[in-house]
Number of protein chains: 2
Amino acid sequence: MPSKETPRIVEPKANISGAERTLEPLKLGTRLRDVRKNKNWTLEEASKRTGLARSTLSKIENDQMSPTFEVVQKLVTGLEIDIPQLFTKGDLQTNVGRRTVTKKGDGKEHPTATYQHELLCTEIINKRMIPFKSTIRARSMDDFGELVRHNGEEFLYVLEGELTFYSEFYEPVSLNEGDSLYYDSGMGHACVSTSPQDAVIIWVSTPHGY
Amino acid sequence: MPSKETPRIVEPKANISGAERTLEPLKLGTRLRDVRKNKNWTLEEASKRTGLARSTLSKIENDQMSPTFEVVQKLVTGLEIDIPQLFTKGDLQTNVGRRTVTKKGDGKEHPTATYQHELLCTEIINKRMIPFKSTIRARSMDDFGELVRHNGEEFLYVLEGELTFYSEFYEPVSLNEGDSLYYDSGMGHACVSTSPQDAVIIWVSTPHGY
DNA sequence: ATCAAATATTTCTTATAGGAAACTTTTAGA
DNA sequence: TCTAAAAGTTTCCTATAAGAAATATTTGAT
């Protein structure tokens, strides 16, 4: 493990000058370079993924040219970037510096007929993700009136037991401890425990309205 | 597996008109024309507001050329367009019905000096959350050159071991198996294992942030 | 309908984006 | 160190974006 010599913290995150909207500075190049570096991709790799020439990528990253919209789209899909982010110049740091811990078992209980949810980190509201730890009490699809639907996406990781994930557009799939699942929660879905003891999972959901 | 009797499903989610992709087709031209017409602006007016030539605007609206990023920015500010809107095109229901499973240990390895990441559910791109399972190899703050920062929020759940979470604005906090943490990742942060064997966590991050 | 005036499109020119390949720099291995 | 390979940059060239001006089209007043 490389033991870097120096400091911690850098760039004190100067500008939270609210007013600043878009345009002007927006260092697209640096931005893209950061994204790519963070994924440990070489220009060659990025080139393959975006379908753009290495040279083109290099020039863009060095702010030596302004890519066409077409190219921006390729960048966005190829590098898996969120477009709005690209335009949001610098950091629209809302929610700066929030942090909260939930010790084991200290979440907010939220029991339903089919699941026993323990909401985590509820001290912070207005989050972009809603995490909870759930025990799946449902034992059959009949326990659900209908498949659940709500706009957004969900990620699920199995901590204990075995469960079957039913959904509107797919065959049911069985998940064991250590398996994970990501899905569009606008698609009807439901989880059912299939192990002797109820399955327990970590569930992270995006908030409704976006 | 108890393949229970049938469906439940309600409202068949009308608009999965197949064709509707994500952002390839995106008719930028028509989109812009709509916006402009809506405001009852003439090309001349739009030209003044954006600083672009009438002819250029005309060509863009008629999909006769792909504007540069620079021009897109001028369009966006000059025409007072809501960026996400511009790109989300039509029904914001892109990504309908996606689902992907990652079995235990089948994630994409992504080693760094300080963490051993296993990216989960990478089959789906352009997600609103990026989940991974990480082994924390760092044993001291010195293993980090500097605190990590990237716009967004992160959720963390400890699967095994013990770790200490360092951050820019808080006292270090110790986390054990079963504990969870939610924080603004724009705030400098770093995790360090403190148990005999490296701590393992589930980490979920919001995109974009590099 | 006819013709101005206003609006939109096309043409023409130049400046520059984007790709291929040459070149330079960095990295890793002996 | 030195050297070879990998990563990144620059050059050179063609295709095309963007502006100015000419042309065409629409609007609306009589």
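Numbers restart at 1 for each chain; the letters A, B, ... are given by sequence-line order, proteins then strands. Please read all numbers here as calculations on a predicted model, not as lab measurements.
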Engineer: With A:R99, which residues qualify under side-chain hydrogen bond (donor to acceptor under 3.5 Å, both in side chains), at least two apart?
Structural biologist: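 Partners of A:R99 under the side-chain hydrogen bond (donor to acceptor under 3.5 Å, both in side chains) test: none.
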Engineer: Who passes side chain to side chain contact (heavy atoms under 4.5 Å, CB included) against B:T68, sequence neighbours left out?
Structural biologist: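 Side chain to side chain contact (heavy atoms under 4.5 Å, CB included) check on B:T68 returns A:S66, A:T68, B:E70, B:V71.
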Engineer: Using side chain to side chain contact (heavy atoms under 4.5 Å, CB included) as the criterion, list what pairs up with B:H110, not counting sequence neighbours.
Structural biologist: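 By the side chain to side chain contact (heavy atoms under 4.5 Å, CB included) rule, B:H110 matches A:N40, B:T112, B:H117, B:L119.
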Engineer: Give the angle between the helix axes at the two ends of the helix from C:dA1-D:dT30 to C:dA30-D:dT1, taking five base pairs at each end and rounding to 10°.
Structural biologist: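 End axes: 40° apart.
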Engineer: Mind checking side chain to side chain contact (heavy atoms under 4.5 Å, CB included) for B:E45 and listing every partner two or more places apart, or none if nothing turns up?
Structural biologist: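 Side chain to side chain contact (heavy atoms under 4.5 Å, CB included) list for B:E45, sorted by chain: B:W41, B:T42, B:R49.
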Engineer: If the sugar-phosphate is the primed atoms plus P, OP1 and OP2 and the base is the rest, what is the B/S/- string for nucleotides 17-29 of chain D, using protein heavy atoms under 4.0 Å?
Structural biologist: SBBBBB-------
Engineer: Rounded to whole Å, how long is the line connecting atom CG of A:N62 with atom P of C:dT25?
Structural biologist: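 Distance, rounded to whole Å: 14 Å.
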Engineer: Applying side-chain hydrogen bond (donor to acceptor under 3.5 Å, both in side chains), can you list everything that pairs with A:K108, at least two apart in sequence or on another chain?
Structural biologist: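 Result, side-chain hydrogen bond (donor to acceptor under 3.5 Å, both in side chains) vs A:K108: none returned.
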Engineer: With B:E154, which residues qualify under side chain to side chain contact (heavy atoms under 4.5 Å, CB included), at least two apart?
Structural biologist: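 Scan of B:E154 (side chain to side chain contact (heavy atoms under 4.5 Å, CB included), adjacent residues dropped) gives B:H150, B:Y183, B:S185, B:H189, B:W203, B:S205.
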Engineer: Under the salt bridge (Lys or Arg N to Asp or Glu O under 4.0 Å) test, which residues partner A:K103, sequence neighbours left out?
Structural biologist: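 By the salt bridge (Lys or Arg N to Asp or Glu O under 4.0 Å) rule, A:K103 matches B:D179.
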Engineer: Classify the side-chain pair A:T194/A:E162 by whether it contains a donor and acceptor separated by less than 3.5 Å.
Structural biologist: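 Side chains of A:T194 and A:E162: pair found under 3.5 Å.
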Engineer: Quick check on contacts: within residues 40-47 of chain A, what sits under 4.0 Å from DNA chain D by heavy-atom distance?
Structural biologist: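 Of all residues in residues 40-47 of chain A, the ones placing a heavy atom under 4.0 Å from DNA chain D are A:T42, A:L43.
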Engineer: Could you list the residues that satisfy side-chain hydrogen bond (donor to acceptor under 3.5 Å, both in side chains) with A:T100, not counting sequence neighbours?
Structural biologist: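 Residues passing side-chain hydrogen bond (donor to acceptor under 3.5 Å, both in side chains) with A:T100: A:E123.
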Engineer: Is any side-chain N or O of A:R36 closer than 4.0 Å to OP1 or OP2 of D:dA7?
Structural biologist: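 For A:R36, the contact criterion (side-chain N or O under 4.0 Å from OP1 or OP2 of D:dA7) is not met.
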Engineer: Mind checking what makes side-chain hydrogen bond (donor to acceptor under 3.5 Å, both in side chains) contact with B:Q64, not counting sequence neighbours?
Structural biologist: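 Partners of B:Q64 under the side-chain hydrogen bond (donor to acceptor under 3.5 Å, both in side chains) test: none.
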